[in-house]
Trainee: 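Okay, handing you the structure first.
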Amino acid sequence: MNRPSPEQQQIAAILNDPNVQKVALAGTKDAPNASAEMFMVPGHSAAVLQVKGLPPLAPDRGYEFWFIRNQSPEPSNVFDVNADGASTVLVKAADKVENYNAWGVTIEPKQGVPKPTGTLVILGGL
């Protein structure tokens with residue numbers, strides 16, 4: 001029997017929380033077919049990002065998620081997408097999710113970077 005990983009358990013807990021809020025994020029001009037939904041619970045520093053329509057990247061590149069406050073992006077997880085261009089990711093912030101006013105996804109080196117350097121493919125904000 002496969003037990004869900006701690007990350008899968010956290011994702012399920014957020015998605016099933018009665019206070020969960022859903023925010024739609026849109027693809028940019030560089031990724032017009034991309035979209036995402038972020039599920040977050042006020043008071044928590046983790047959220048669930050579900051992306052679709054992103055092309056798979058070269059092995060040395062990844063998609064990096066950013067929590068943005070006052071135009072200042074803070075790095076979160078680097079993730080890959082499946083062959084269909086979709087992924088569900090647990091993203092973690094340094095602060096409570098409601099203290100950020102925008103979110104984005106850029107294409108970056110696989111190890112991640114402290115500030116965005118690559119193409120912005122998904123962006124959304126309150």
Side-chain angles (χ1 to χ4, degrees):
M1 185 168 98
N2 282 352
R3 291 183 52 80
S5 71
E7 186 169 296
Q8 289 168 321
Q9 290 174 348
Q10 271 190 284
I11 288 171
I14 291 169
L15 294 177
N16 295 317
D17 191 296
N19 298 314
V20 71
Q21 297 174 356
K22 183 170 90 169
V23 179
L25 310 179
T28 65
K29 65 178 177 19
D30 293 305
N33 299 324
S35 64
E37 291 180 333
M38 194 161 86
F39 299 86
M40 53 189 205
V41 178
H44 291 240
S45 62
V48 175
L49 178 72
Q50 292 182 333
V51 299
K52 53 183 186 254
L54 286 173
L57 297 173
D60 64 333
R61 310 293 283 170
Y63 289 104
E64 189 162 2
F65 183 79
W66 303 91
F67 285 91
I68 304 167
R69 177 174 20 198
N70 306 325
Q71 273 81 54
S72 178
E74 296 177 17
S76 185
N77 309 47
V78 178
F79 63 94
D80 292 315
V81 295
N82 65 19
D84 297 329
S87 188
T88 298
V89 191
L90 183 71
V91 290
K92 295 179 177 169
D95 199 353
K96 294 182 176 77
V97 290
E98 67 268 22
N99 292 333
Y100 297 90
N101 55 357
W103 305 273
V105 175
T106 58
I107 299 172
E108 301 294 352
K110 190 70 158 190
Q111 70 272 18
V113 291
K115 291 281 176 219
T117 60
T119 304
L120 182 68
V121 291
I122 289 178
L123 184 65
L126 296 177

Trainee: Just how far is it from atom CZ of Phe39 to atom CG of Leu15, taken to the nearest 0.5 Å?
Mentor: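 Here the rounded value is 6.0 Å.
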
Trainee: Can you hop from Val121 to Phe79 via hydrophobic side chains spaced under 4.5 Å?
Mentor: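 Val121 clusters together with Phe79.
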
Trainee: Kindly say whether Asp80 contributes a backbone atom to a donor-acceptor pair with the side chain of Ser87 at under 3.5 angstrom?
Mentor: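 Present.
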
Trainee: Same cluster or not: Val20 versus Met40, using hydrophobic residues (I, L, V, M, F, W, Y) connected whenever any side-chain heavy atoms lie under 4.5 Å apart?
Mentor: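 Unlinked, Val20 and Met40 end up in two clusters.
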
Trainee: Donor-acceptor pair, distance only, cut-off 3.5 Å: does the side chain of Glu64 make one with the backbone of Val113?
Mentor: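 Side chain of Glu64 to backbone of Val113: a pair is present.
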
Trainee: Working to the nearest 0.5 Å, report the span between OG1 of Thr106 and CG of Asp30.
Mentor: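 Here the interatomic distance stands at 11.5 Å.
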
Trainee: Before you tell me yes or no, could you show the steps for Gln8 and Arg3 under side chain to side chain contact (heavy atoms under 4.5 Å, CB included), namely the whole-Å CA-CA distance, both residues' side-chain angles and the distance that decides it to 0.1 Å?
Mentor: CA-CA 9 Å; Gln8 289 168 321; Arg3 291 183 52 80; over 6 Å; no

Trainee: Quick check: closest heavy atoms across Leu120 and Gly104, and the distance to 0.1 Å?
Mentor: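 Shortest heavy-atom contact: CD1-CA, 4.4 Å.
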
Trainee: What I'd like to find out is whether the side chain of Val105 reaches to under 4.5 Å of the side chain of Leu49, using heavy atoms alone.
Mentor: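 Yes; the side chains approach each other to less than 4.5 Å.
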
Trainee: Does some side-chain heavy atom of Tyr63 sit less than 4.5 Å from a side-chain heavy atom of Val89?
Mentor: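 SC-SC contact between Val89 and Tyr63 ruled out.
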
Trainee: With a 4.5 Å cut-off on side-chain heavy-atom distances among I, L, V, M, F, W and Y, is there a chain of contacts connecting Val23 to Ile122?
Mentor: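 Cluster IDs for Val23 and Ile122 match.
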
Trainee: Find the distance between CD (Gln50) and CD1 (Ile11) and round it off to the nearest 0.5 Å.
Mentor: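 Reported value, rounded in 0.5 Å steps: 8.5 Å.
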
Trainee: Checking Arg61 now: which residues fulfil salt bridge (Lys or Arg N to Asp or Glu O under 4.0 Å) with it, not counting sequence neighbours?
Mentor: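 Result, salt bridge (Lys or Arg N to Asp or Glu O under 4.0 Å) vs Arg61: none returned.
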
Trainee: For Lys92 and Ser76, work out which heavy atoms get closest and say how close.
Mentor: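 Taking every non-hydrogen atom into account, O-OG, 2.8 Å.
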
Trainee: Is atom NZ of Lys96 surrounded by more than 12 heavy atoms (other residues, nucleotides or ligands) closer than 6.0 Å?
Mentor: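 Incorrect, the count does not exceed 12.
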
Trainee: Could you check whether atom NZ of Lys115 has more than 12 heavy atoms from other residues, nucleotides or ligands sitting under 6.0 Å from it?
Mentor: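 Yes, because the 6.0 Å sphere around NZ of Lys115 holds more than 12 heavy atoms from other groups.
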
Trainee: Quick check: closest heavy atoms across Ala46 and Leu90, and the distance to 0.1 Å?
Mentor: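 Minimum heavy-atom separation between Ala46 and Leu90: CB-CD1, 4.1 Å.
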
Trainee: If hydrophobic clusters are built from ILVMFWY residues whose side chains come within less than 4.5 Å, do Val51 and Met38 share one?
Mentor: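 Val51 clusters together with Met38.
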
Trainee: Donor-acceptor pair, distance only, cut-off 3.5 Å: does the side chain of Asn82 make one with the backbone of Asp84?
Mentor: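 Yes.
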
Trainee: Work out which heavy atom in Val41 is nearest to a heavy atom in Val97; give both atom names and the distance.
Mentor: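 The pair with the smallest heavy-atom distance is O-CG2, 3.5 Å.
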
Trainee: Compare every heavy atom of Gly125 with every heavy atom of Trp103, then report the nearest pair and how far apart it is.
Mentor: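 Between these two residues, the closest heavy atoms are CZ3-CA, 4.0 Å.
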
Trainee: Starting at OG1 of Thr117, measure out to CD of Glu108 and round the result to the nearest 0.5 Å.
Mentor: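 CD of Glu108 is found 3.5 Å from OG1 of Thr117.
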
Trainee: Rounded to the nearest 0.5 Å, how far does CD of Glu74 lie from CZ of Phe65?
Mentor: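 These two atoms lie 11.5 Å from each other.
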
Trainee: Determine whether more than 12 heavy atoms belonging to other residues, nucleotides or ligands lie under 6.0 Å from atom CD of Gln71.
Mentor: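 Open.
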
Trainee: Should Leu25 and Phe67 be counted in the same cluster of Ile, Leu, Val, Met, Phe, Trp and Tyr side chains packed under 4.5 Å apart?
Mentor: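 Yes: a chain of side-chain contacts under 4.5 Å links Leu25 to Phe67.
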
Trainee: Determine the minimum heavy-atom distance between Ala94 and Tyr100, stating which atoms define it.
Mentor: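 The pair with the smallest heavy-atom distance is N-OH, 3.5 Å.
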
Trainee: Measuring from atom CG of Leu123 to atom NZ of Lys29, what distance do you get when rounded to the nearest 0.5 angstrom?
Mentor: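 Rounded to the nearest 0.5 Å, the CG-NZ separation comes out at 11.5 Å.
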
